[in-house]
Peer 1: 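A single structure is presented below for examination.
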Amino acid sequence: MTISRLFLITGVSSGFGRALAQAALADGHRVVGTVRHVEAAEAFQMLAPGRAFARLLDVTDFEAIAPLVDEVEATLGPIGVLANNAGYGHEGVMEESPLEDLRRQFDVNVFGAVAMMRAVLPHMRVRRSGRILNITSMGGFITMPGIAYYCGSKFALEGISETVGKEVRDLGIHVTAVAPGSFRTDWAGRSMVRAPRAIGDYDALFDPLRQRRQEVSGHQLGNPEKAARAMMQLIDCEAPPAHLLLGSDALALARDKLQALERDIARWETLTRSTDG
Ligand code: NAP
């Protein structure tokens with residue numbers, strides 16, 4: 001029998017956040033979903049009146065996060081699952097992308113998620129129980145030109161997620177970094193921030209990548225509802241993994257990277273070992 005839990009999911013207006021919320025509600029759980037607009041809040045609560053609760057939050061409003069989590073715990077009960085989903089992709093060649101874009105990318109994708117974990121963990125620790133899903137990306141393990149800031153943010157969240165998982169595993173709390181490949185959400189559409197083009201030297205490399213990403217948006221291989229069902233399996237699993245890839249594209253690219261890494265490590269092993277002593 002499935003235990004009814006309270007989920008806290010950031011960014012439930014569309015995409016993975018919305019799909020995960022719907023899957024959790026369908027399984028009889030209660031869900032607190034964060035959104036950034038009143039209309040989105042109303043639409044979310046309509047999904048399951050009395051079991052779907054919206055809260056307004058921009059995850060870069062760091063000061064607001066702990067009070068929000070404390071209020072949810074006080075009024076709705078113990079948060080069993082935190083899903084750090086809110087995030088977006090910055091696209092642009094690094095040299096063309098202002099540092100301010102990097103800061104914003106990290107504020108949302110990394111600092112926001114960390115602030116959420118820091119606010120929820122005190123409650124989960126007391127109970128010696130809890131699940132945290134951090135939605136990272138295959139771009140937190142493999143890289144491609146034109147999304148340096150995004151990959152940087154997702155590598156950061158992967159690393160923090162894995163480390164926190166080691167810190168809290170003896171306290172009854174499981175942390176999984178969920179790394180999807182390309183899925184049919186608003187990620188490459190309305191949500192993407194695209195740096196303007198400026199340097200002709202990158203035209204040949206970057207223009208086809210940008211064009212392709214725009215063409216493919218909405219037709220990606222991955223189905224967010226199926227991703228949500230996969231994530232729900234983690235919630236009920238006794239020993240969830242520290243990392244989970246989602247999608248055959250992510251799987252193939254991650255395996256290619258592992259092989260390339262292994263080859264490089266072997267090729268340079270003598271030089272690597274030469275610094276001991
Ligand atoms: P999406 O449909 O664009 O959803 C993104 C969600 O994040 C929206 O609810 C959005 O709210 C929210 N959000 C963005 N910035 C926020 C902020 N500052 N504060 C609070 N909420 C914010 O795209 P998605 O693909 O589902 O994205 C969810 C997560 O999956 C992201 O972390 C993304 O990087 C990751 N991901 C996506 C893919 C993919 O192919 N789709 C692959 C790997 C990883 P608004 O509606 O208010 O904008």
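Throughout, residue positions are numbered sequentially from 1 according to the sequence presented. Atoms considered below: every heavy atom in the structure, side chains included; atoms not considered: hydrogens, waters and symmetry mates.
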Peer 1: Is any NZ, NE, NH1 or NH2 atom of the basic residue among R131 and D236 found under 4.0 Å from an Asp or Glu carboxylate oxygen of the other?
Peer 2: no
Peer 1: Got more than 12 heavy atoms from elsewhere within 6.0 Å of CD, E215?
Peer 2: yes
Peer 1: Any chance you could lay out the side chain to side chain donor-acceptor pair (under 3.5 Å) test for S14 and R190, step after step, and finish with the verdict?
Peer 2: CA-CA 11 Å; S14 62; R190 71 170 178 102; 2.8 Å; yes
Peer 1: Of the options V72, V69, V12, I79, which is the one that meets V32 in a side-chain contact (heavy atoms from CB on, under 4.5 Å)?
Peer 2: V72
Peer 1: Do T10 side-chain atoms and N84 backbone N/O form a donor-acceptor pair below 3.5 Å?
Peer 2: no
Peer 1: Would you call L99 and L102 a side-chain contact if the rule is heavy atoms closer than 4.5 Å?
Peer 2: yes
Peer 1: Give the minimum heavy-atom separation between A119 and A66, together with the two atoms involved.
Peer 2: CB-CA, 3.7 Å
Peer 1: Starting at CG of L171, measure out to CZ of R128 and round the result to the nearest 0.5 Å.
Peer 2: 5.0 Å
Peer 1: Test side-chain contact (heavy atoms from CB on, under 4.5 Å) on M138 and S182 and set out the steps.
Peer 2: CA-CA 8 Å; M138 67 177 171; S182 295; 3.9 Å; yes
Peer 1: Could you list all the ring pair (Phe, Tyr, Trp, His ring centres under 6.0 Å) pairs where at least one residue sits in residues 68-104, not counting sequence neighbours?
Peer 2: H90-Y149
Peer 1: May I ask you to decide if T60's main-chain N or O and D58's side chain share a donor-acceptor pair within less than 3.5 Å?
Peer 2: yes
Peer 1: Between Q220 and G218 (side chain of the first, backbone of the second, donor and acceptor by atom type, cut-off under 3.5 Å), is there such a pair?
Peer 2: yes
Peer 1: Is any side-chain heavy atom of R213 closer than 4.5 Å to one of I147?
Peer 2: yes
Peer 1: Please tell me whether V81 and M232 are part of a single hydrophobic cluster in this structure, the criterion being side-chain heavy atoms less than 4.5 Å apart.
Peer 2: yes
Peer 1: Of all the heavy-atom pairs spanning G28 and S4, show the shortest one and how long it is.
Peer 2: O-OG, 3.3 Å
Peer 1: Quick check on the hydrophobic clustering: are W187 and I9 connected, directly or via other members, by side-chain heavy-atom contacts under 4.5 Å?
Peer 2: no
Peer 1: Please report the shortest heavy-atom distance between P240 and T176, naming the atom on each side.
Peer 2: CB-OG1, 3.7 Å
Peer 1: Please lay out, stage by stage, how M117 and I160 fare under the test side-chain contact (heavy atoms from CB on, under 4.5 Å).
Peer 2: CA-CA 11 Å; M117 286 193 279; I160 292 169; 4.2 Å; yes
Peer 1: Is there a side-chain contact between I132 and V164 in this structure, where contact means two heavy atoms from C-beta onward sitting under 4.5 Å apart?
Peer 2: no
Peer 1: Would you give the length of the straight line joining atom CG of D27 to atom CZ of R5, rounded to the nearest 0.5 angstrom?
Peer 2: 10.5 Å
Peer 1: To check you understand the geometry: which heavy-atom pair defines the closest contact between P145 and L209, and what is its length?
Peer 2: O-CD1, 3.5 Å
Peer 1: Grab the two heavy atoms, one from N85 and one from G11, that are nearest each other, plus how far apart they are.
Peer 2: ND2-O, 2.9 Å
Peer 1: Could you check whether any side-chain N or O of R127 sits under 3.5 Å from a backbone N or O of P78, counting only pairs where one atom can act as donor and the other as acceptor?
Peer 2: no
Peer 1: Check whether any side-chain N or O of E96 sits under 3.5 Å from a backbone N or O of I199 as a donor-acceptor pair, and report yes or no.
Peer 2: yes
Peer 1: Report the distance from atom CG of L56 to atom OG1 of T34, rounding to the nearest 0.5 Å.
Peer 2: 9.0 Å
Peer 1: Using 4.0 Å as the upper bound for N to carboxylate O, is an ion pair formed by E100 and R104?
Peer 2: no
Peer 1: Using every non-hydrogen atom in the two residues, find where G130 and M124 come nearest and quote the distance to one decimal.
Peer 2: CA-SD, 3.7 Å
Peer 1: Can you tell if the side chain of M231 reaches within under 4.5 Å of the side chain of I135, non-hydrogen atoms only?
Peer 2: yes
Peer 1: So if you build clusters from Ile, Leu, Val, Met, Phe, Trp, Tyr with side-chain heavy-atom gaps below 4.5 Å, do Y150 and F141 land together?
Peer 2: yes
Peer 1: Quick check: does any side chain N or O of Q105 sit under 3.5 Å from a backbone N or O of G89, one acting as donor and the other as acceptor?
Peer 2: no
Peer 1: Is F53 reachable from L57 through a run of I, L, V, M, F, W or Y residues, each pair having side-chain heavy atoms under 4.5 Å apart?
Peer 2: yes
Peer 1: Keeping D186 on the side-chain end and S191 on the backbone end, is there a donor-acceptor pair under 3.5 Å?
Peer 2: no
Peer 1: Counting N and O atoms only, with roles assigned by atom type, does the side chain of S161 sit under 3.5 Å from a partner on the main chain of N134, one being a donor and the other an acceptor?
Peer 2: no
Peer 1: If you count every heavy atom of other residues, nucleotides or ligands that lies below 6.0 Å from K257 atom NZ, does the total exceed 12?
Peer 2: yes
Peer 1: Say whether, by atom type as modelled, one donor and one acceptor occur between the side chain of N223 and the main chain of E225 under 3.5 angstrom.
Peer 2: yes
Peer 1: Are H29 and R51 packed together at the side-chain level, in the sense that at least one heavy-atom pair is separated by less than 4.5 angstrom?
Peer 2: no
Peer 1: In the structure I gave you, are the side-chain heavy atoms of I235 and L133 within less than 4.5 Å of one another anywhere?
Peer 2: yes
Peer 1: Do any N or O atoms from the side chain of R30 and from the backbone of G77 form a donor-acceptor pair under 3.5 angstrom?
Peer 2: no
Peer 1: Taking it one step at a time, do K166 and E162 satisfy salt bridge (charged side-chain N to carboxylate O under 4.0 Å, His left out)?
Peer 2: CA-CA 7 Å; K166 290 174 180 173; E162 184 181 294; 3.8 Å; yes
Peer 1: Where do Y202 and E95 land on the side chain to side chain donor-acceptor pair (under 3.5 Å) test, with the steps shown first?
Peer 2: CA-CA 10 Å; Y202 294 112; E95 207 187 330; 2.5 Å; yes
Peer 1: Set out, in order, the CA-CA distance, both residues' side-chain angles and the distance that settles side-chain contact (heavy atoms from CB on, under 4.5 Å) for V110 and K154, then state yes or no.
Peer 2: CA-CA 8 Å; V110 183; K154 294 299 188 177; over 6 Å; no
Peer 1: Kindly determine whether M116 and F111 satisfy side-chain contact (heavy atoms from CB on, under 4.5 Å), including the steps that lead there.
Peer 2: CA-CA 9 Å; M116 292 295 303; F111 283 70; over 6 Å; no
Peer 1: A side-chain contact here means heavy atoms from C-beta on lying under 4.5 Å apart; do E269 and I265 qualify?
Peer 2: no
Peer 1: Excluding sequence neighbours, so at least two apart, what forms ring-ring contact (aromatic ring centres under 6.0 Å, His included) with F183?
Peer 2: F16
Peer 1: Is L157 reachable from V193 through a run of I, L, V, M, F, W or Y residues, each pair having side-chain heavy atoms under 4.5 Å apart?
Peer 2: no
Peer 1: What is the distance from atom CG of L251 to atom CG of D256, rounded to the nearest 0.5 Å?
Peer 2: 9.5 Å
Peer 1: As a quick check of understanding, evaluate salt bridge (charged side-chain N to carboxylate O under 4.0 Å, His left out) for D207 and R212, giving each step before the final call.
Peer 2: CA-CA 9 Å; D207 285 348; R212 174 94 186 121; over 6 Å; no
Peer 1: Heavy atoms, side chains only, cut-off 4.5 Å: are D203 and R197 in contact?
Peer 2: yes
Peer 1: To the nearest 0.5 Å, tell me how far L245 CG sits from I142 CD1.
Peer 2: 10.0 Å
Peer 1: Out of curiosity, L121 CG to L82 CG, how far, rounded to the nearest 0.5 Å?
Peer 2: 8.0 Å
